[in-house]
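The figures that follow rest on heavy atoms only: side chains count, while hydrogens, waters and symmetry mates do not. Predicted model, so just to flag it, every value in this text is computed and none were measured.
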Amino acid sequence: MTLTSPHLGSPSVWTDARLLYALEEVVEKELNRHLKVAKDWMPHEYVPWSDGRNFPGLFEDGEAWDKEQSKVTEVGRIALVVNLLTEDNLPSYHHEIATLFGRDGAWGTWVHRWTAEEGRHGIVMRDYLLTSRAVDPDQLEQFRMAHMSEGFESDNRHSMLHSVAYVAFQELATRISHRNTGHQSGDPVCDRMLARIATDENLHMVFYRNLLKAAFELAPDLTMQAVRDVVVNFRMPGHGMPGFERAAAQMAIGEVYNLRIHHDDVLQPVLRHLKVMEIDGLGPEGLKAQEELGVFMGGLDAEARKFDEKLAARKARMAARAAL
């Protein structure tokens, strides 16, 4: 470590600048590990180009889009649009993390590498969606313009620690959303593409999760408070896009992303890996945050059980109607 790591619970001791400096060596180590395990891949190799044809416009032989042309399921189409619009906001995400983490040293190298890797996701998803006619191209572009024109401001832009905690969970949430979208899409080509994207997102999660672990060793109380705040107030980065609430509800019913998935597959794995609820030696504020985090997770699990019951009842009703 660049700085010694005494137990420091006071926010007046650890500033963002000192934490960035203290974590520089960890970032460099994690960056080198990431570069060794990450595999380059070509977005164009995941797109069914032979399925493509002209849309109306400059081409006289253009064929208008129709839902029946799509191979993907309805929930797959909804989730694909949400996932792509989320990826489309990459310029704003880059601005956010470059401002927080800086553009120099290992931090800066990671910021640019992460941005380059994330750029592939939007490229391959858009090419797939348009070539396979999975979504209405006009509506997709209208949504993109509306979403990006609103801009993006992270809920955690006030704090480097909060931002690191957030992306540790958010990268895993994005991986799960992409992977489940592929499973529910009904198209093996789409499933393979999203599996490739999910692999990237998992490596990004590991980078930030390991960085969060180092932050716990440096400033356990502050990090515990940051994790508590992020978990309690977690929102996906695409929450501001047009029709997000309705789309999120449909994705929940379609088992792409819902409370049970959020609790079991996103929050719990990170908390368990870091042994957050087992950390001892905390000061008063850290202990309070740890206790509040435990209470919240218990309440979230209870909410997830209620959702599970409603979803099971809905499936039973649909099965009964189908049997008539």
Parallel, tilted or perpendicular: rings of Tyr46 and Trp41 (30°, 60°): perpendicular

Aromatic plane relationship, Phe207 with Trp110 - under 30° parallel, 30 to 60° tilted, over 60° perpendicular: parallel

Quick check: do [X] and [Y] have side-chain heavy atoms less than 4.5 Å from each other?
X	Y	value
Met277	Leu271	no
Arg196	His178	no
Gln69	Glu63	yes
Leu172	Pro269	yes

Look at [X] together with [Y] and state whether they make a salt bridge at an N to O cut-off of under 4.0 Å.
X	Y	result
Arg126	Asp88	yes
Glu309	Lys306	no
Arg120	Asp40	yes
Glu117	Arg113	yes
Lys67	Glu74	yes

So how far is it from [X] [atom1] to [Y] [atom2], rounded to the nearest 0.5 Å?
X	Y	atom1	atom2	value
Met241	Phe244	CE	CZ	6.5 Å
Arg260	Glu255	CZ	CD	12.0 Å
Asn83	Met251	CG	CE	5.5 Å
Leu274	Phe216	CG	CZ	6.5 Å
Arg179	Leu194	CZ	CG	8.0 Å
Lys288	Leu293	NZ	CG	14.0 Å

Hydrophobic cluster membership, Leu35 vs Met205, 4.5 Å side-chain cutoff: yes

ILVMFWY network linking Phe296 to Phe169, side-chain heavy atoms under 4.5 angstrom: yes

Check: Tyr166 ring centre within less than 6.0 Å of Phe234 ring centre: yes

Evaluation steps, side chain to side chain donor-acceptor pair (under 3.5 Å), between Ser70 and Arg77: CA-CA 9 Å; Ser70 173; Arg77 180 163 43 253; 3.2 Å; yes

Pairs meeting criterion ring pair (Phe, Tyr, Trp, His ring centres under 6.0 Å) with involvement of residues 272-293, two or more places apart: none

Set of side-chain hydrogen bond (donor to acceptor under 3.5 Å, both in side chains) partners for Gln290, sequence neighbours left out: none

Check: Asp229 main-chain N/O paired with Asn233 side-chain donor or acceptor under 3.5 Å: yes

Arg53 CZ: over 12 foreign heavy atoms closer than 6.0 Å: yes

Co-members of Val37 in a cluster of I, L, V, M, F, W and Y side chains, linked at under 4.5 Å: Leu203

